[in-house]
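Worth knowing before you read on, the calculation uses all heavy atoms, side chains too, and leaves out hydrogens, waters and symmetry mates.
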Amino acid sequence: MKKKILLSSFLSLLSILCTMNAQAQDENPYSIDSLSPELRKHSGNLLSKRQAIFDIESLVYNLSEIHPNLFSVCGQGVFLQMRNQIEASLPDSLSTLQLFEAIQPLVVKIGDGHTSLHFPYNDVFKKDTPRIPLSFEVGPDNTVTVSFSLGNKIPESARILKINDVTTRQMLEKMLCYESGESLAFRMQRVRNDFPALFFMLYSADSYRIEYRDPDGGKFRQITLAPCPNHELFALKRQRQKPTVAAEESYSFRLLPKDKVAIMDFKRFNDPDGMKAFADSMFTTLREKKIHSLIIDITENGGGNSGVGDILLRYISPRPFNQYGRYLARVTPTTQKLMRRKQELGWYYAEVRDSDMIMPLTEEEGHFKGKVYLLTSNRTFSSASSFAWAFKMFDMGKIIGEETGGMNVCYGDVLAYKLPVSGLNASISYKRFWQYGADEDDIHGTLPDYEVPKGEALAKAIAIAEKH
């Protein structure tokens, strides 16, 4: 998620394109307060068709009130026709998960990786929820393998071919309808991550006839398994996990002293103060150890606070830089209600000026003089992709890996919205960003200098670094 990106440090407000009448637009017909007593009541854990339609209309209304350009990818007519078809096909009663299944494909049509409904994990996976009695893993080549199964009925690393006559390829293609994003590669990454949850939603059954091949790729086998309670699957997963003493760090580094190379693992853009202390310590160590090359790995980084990236970029940029060139923001009464920090109503547009460029550190302040390599993947998104774009735009080093999942022109700075009846959570962008030097007519992710699969990027970077 893109958080506050320190716009005040480099963007000056150029204009307010229009001011809206707050009084005229302040009445939201789909707010919680507007719910009638009948719509507030749930029948057990199920929603009525009227309640589901109210939530759908609420979501569409708030999307239209918050998003800067809701129909930039999917035309208004197509979008609204799809909404009508969804509402007409609803059953008389449905669960929260069924509502998610019905309307997430509509949200995906918007084509914005920051705008999405969130899978209702807490509502769905209870102690005795029946699950397929195995755990999946989806590889970069989209092969689906077994991580473990209850009772070791299917061997670890066996490749799944079909379940109840549906091929894994068919499953993956269907699951794409439920993952938001600007690029197919990025959406496929999300499918791989969410495969177990989406499988439960789309392919739960009273029994599972599984066709698979042995781990060595040899013999074809078939087995039928009954569902198991969720708590049994979870207990086995927890039993197989390696013990950890602490949560994964957002950023860390290690040295390859023999090769005079350092590798920084950069998982999340968070904690600016932590990054300041970390960067100072890391670059001090690199100077003391006479490390000539730094590899920064953001292949698993989904973004966060872009200001954290600016702190690191000051150590490695050869000249003044900025991650963003301009932005557009839309603030309506609906937007205002969801904001933590209130902003005046209107459309805002701003561009970076020469005086707004961020200065790199001097050598005395700790600027790194060695070579820098950046590892990227289709999962590199949001502030991480902006970081990668600036890295390349300002010639900070070479990029190795895959095109980033985040685009050079994109929506971001999300607001959280909860559907009033079901409680489904949504995130909705209210800004549009152009990364520095980006062309509206040439939208794409940051392109690597050396294009290799994510799993090969680190080895490639080390090999290149060793030559310098």
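Atom CZ of Arg326 is separated from atom OH of Tyr349 by 4.0 Å, given to the nearest 0.5 angstrom. The line from CE of Met188 to CD of Glu179 is 9.5 Å long, rounded to the nearest 0.5 Å. From Leu374, atom CG reaches atom CD1 of Ile316 across 7.5 Å, with rounding to the nearest 0.5 Å. Atom OG1 in Thr376 sits 11.5 Å away from atom CZ in Phe387 (nearest 0.5 Å). Rounding to the nearest 0.5 Å gives a distance of 9.5 Å between CG of Leu312 and CZ of Phe391. In this structure, CD1 in Ile66 is found 9.5 Å from OH in Tyr61, a value given to the nearest 0.5 Å.
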>> Assess the residue pair Tyr430 and Met339 against the criterion (side-chain contact (heavy atoms from CB on, under 4.5 Å)); give the C-alpha distance rounded to whole Å, side-chain angles, the decisive distance to 0.1 Å, and a yes or no.
In response: CA-CA 10 Å; Tyr430 76 99; Met339 284 177 151; 3.5 Å; yes
Report task. Take Asp55 and Leu99 through the side-chain contact (heavy atoms from CB on, under 4.5 Å) test and state the conclusion after the steps. Result -> CA-CA 9 Å; Asp55 264 9; Leu99 180 61; 3.9 Å; yes
* Leu59 and Leu106: side-chain contact (heavy atoms from CB on, under 4.5 Å), yes or no, with the steps? -> CA-CA 10 Å; Leu59 177 62; Leu106 179 67; 6.0 Å; no
Go through Phe186 and Leu184 one step at a time and tell me if the side-chain contact (heavy atoms from CB on, under 4.5 Å) criterion holds. CA-CA 5 Å; Phe186 175 72; Leu184 177 62; over 6 Å; no
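Screening residues 446-456 for side chain to side chain donor-acceptor pair (under 3.5 Å) gives Glu300-Lys454 as the qualifying pairs, with residues at least two apart or on separate chains. For residues 251-261, every residue pair satisfying the salt bridge (charged side-chain N to carboxylate O under 4.0 Å, His left out) rule, not counting sequence neighbours, is listed here: Arg254-Asp265.
No donor-acceptor pair under 3.5 Å is formed between the side chain of Asp280 and the backbone N or O of Lys276. For Trp389 (side chain) and Tyr436 (main-chain N/O), a donor-acceptor pair under 3.5 Å exists by modelled atom type. Looking only at distances, a side-chain donor or acceptor of Arg190 sits under 3.5 Å from a matching main-chain atom of Ser180. Within the 3.5 Å criterion, the main-chain N or O of Met359 finds a donor-acceptor partner in the side chain of Arg314. A donor-acceptor pair under 3.5 Å links the side-chain atoms of Tyr251 to the main chain of Met275, judged by distance alone. Checked by atom type and distance alone, the side chain of Thr404 never pairs as donor or acceptor with a backbone atom of Gly445 at under 3.5 Å.
Using cut-offs of 30° and 60° for the angle between ring planes, the Phe266 and Phe269 rings count as parallel.
Considering only heavy atoms from C-beta on, Lys174 stays 4.5 Å or farther from Val166 through its side chain. Between Asp194 and Met175 the shortest side-chain heavy-atom distance does not fall below 4.5 Å. Looking at His367 and Thr362, their side chains never come closer than 4.5 Å, going by heavy atoms from C-beta outward. Here the side chains of Met407 and Ser183 are in contact, with some heavy-atom distance below 4.5 Å.
In this structure Ala262 satisfies the side-chain contact (heavy atoms from CB on, under 4.5 Å) test together with Leu255, Leu286, Ile291, Leu294, sequence neighbours excluded. Arg432 is linked by a salt bridge (charged side-chain N to carboxylate O under 4.0 Å, His left out) to Glu440, counting only residues two or more places apart in sequence or in another chain. The side-chain contact (heavy atoms from CB on, under 4.5 Å) test applied to Pro196 returns Arg131, not counting sequence neighbours. For Met201, the side-chain contact (heavy atoms from CB on, under 4.5 Å) partners two or more places apart in sequence, or in a different chain, are Leu97, Phe100, Glu101, Phe119, Tyr178, Leu198. Qualifying side chain to side chain donor-acceptor pair (under 3.5 Å) partners for Thr115, counting only residues two or more places apart in sequence or in other chains: Asp112, Ser429. Residues meeting the salt bridge (charged side-chain N to carboxylate O under 4.0 Å, His left out) test with Lys290, sequence neighbours left out: none. Taking the salt bridge (charged side-chain N to carboxylate O under 4.0 Å, His left out) definition, one finds that Glu363 meets it with Lys369, sequence neighbours left out. Contacts of Glu173 classified as side-chain contact (heavy atoms from CB on, under 4.5 Å), with partners at least two apart in sequence or in another chain: Arg169. In this structure Asp439 satisfies the salt bridge (charged side-chain N to carboxylate O under 4.0 Å, His left out) test with no other residue, sequence neighbours excluded.
Taking all atoms of both residues into account, the shortest heavy-atom contact from Gln343 to Val331 is O-CG1, 3.6 Å. In plain terms, the two heavy atoms of Pro68 and Trp347 that are nearest each other are O-CH2, 3.2 Å. Nearest approach of Ala52 to Leu94, heavy atoms of both residues: CB-CD2, 3.7 Å. Across all their heavy atoms, Leu375 and Ala461 have their closest contact at CD2-CB, 3.7 Å.
Within a 6.0 Å sphere centred on CG of Asp354, heavy atoms belonging to other residues, nucleotides or ligands number 12 at most. More than 12 heavy atoms of other residues, nucleotides or ligands shown are found within 6.0 angstrom of NZ on Lys267. The number of heavy-atom neighbours closer than 6.0 Å to CZ of Arg319, taken from other residues, nucleotides and ligands shown, is above 12.
Remark: the Ser116 side chain and the Gln104 side chain contain an N/O donor-acceptor pair separated by less than 3.5 Å. A donor and an acceptor atom, one from each side chain of Gln435 and Ser386, are located under 3.5 Å apart. A side-chain N or O of Thr332 and one of Thr335 form a donor-acceptor pair less than 3.5 Å apart. Between Ser306 and Tyr324, the side chains place a donor N or O and an acceptor N or O closer than 3.5 Å (distance only, hydrogens not considered).
Here the rule is side-chain contact (heavy atoms from CB on, under 4.5 Å) with Asn301, and of Ile298, Thr299, Asp297 only Ile298 fits it.
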In a table with atom names and distances, give each donor-acceptor pair under 3.5 Å that connects a side chain of residues 69-88 to protein atoms at least two apart or in another chain.
residue : atom : partner : partner atom : Å
Ser72   : OG   : Asn69   : O            : 3.3
Ser72   : OG   : Tyr411  : OH           : 2.9
Asn84   : ND2  : Leu80   : O            : 3.4

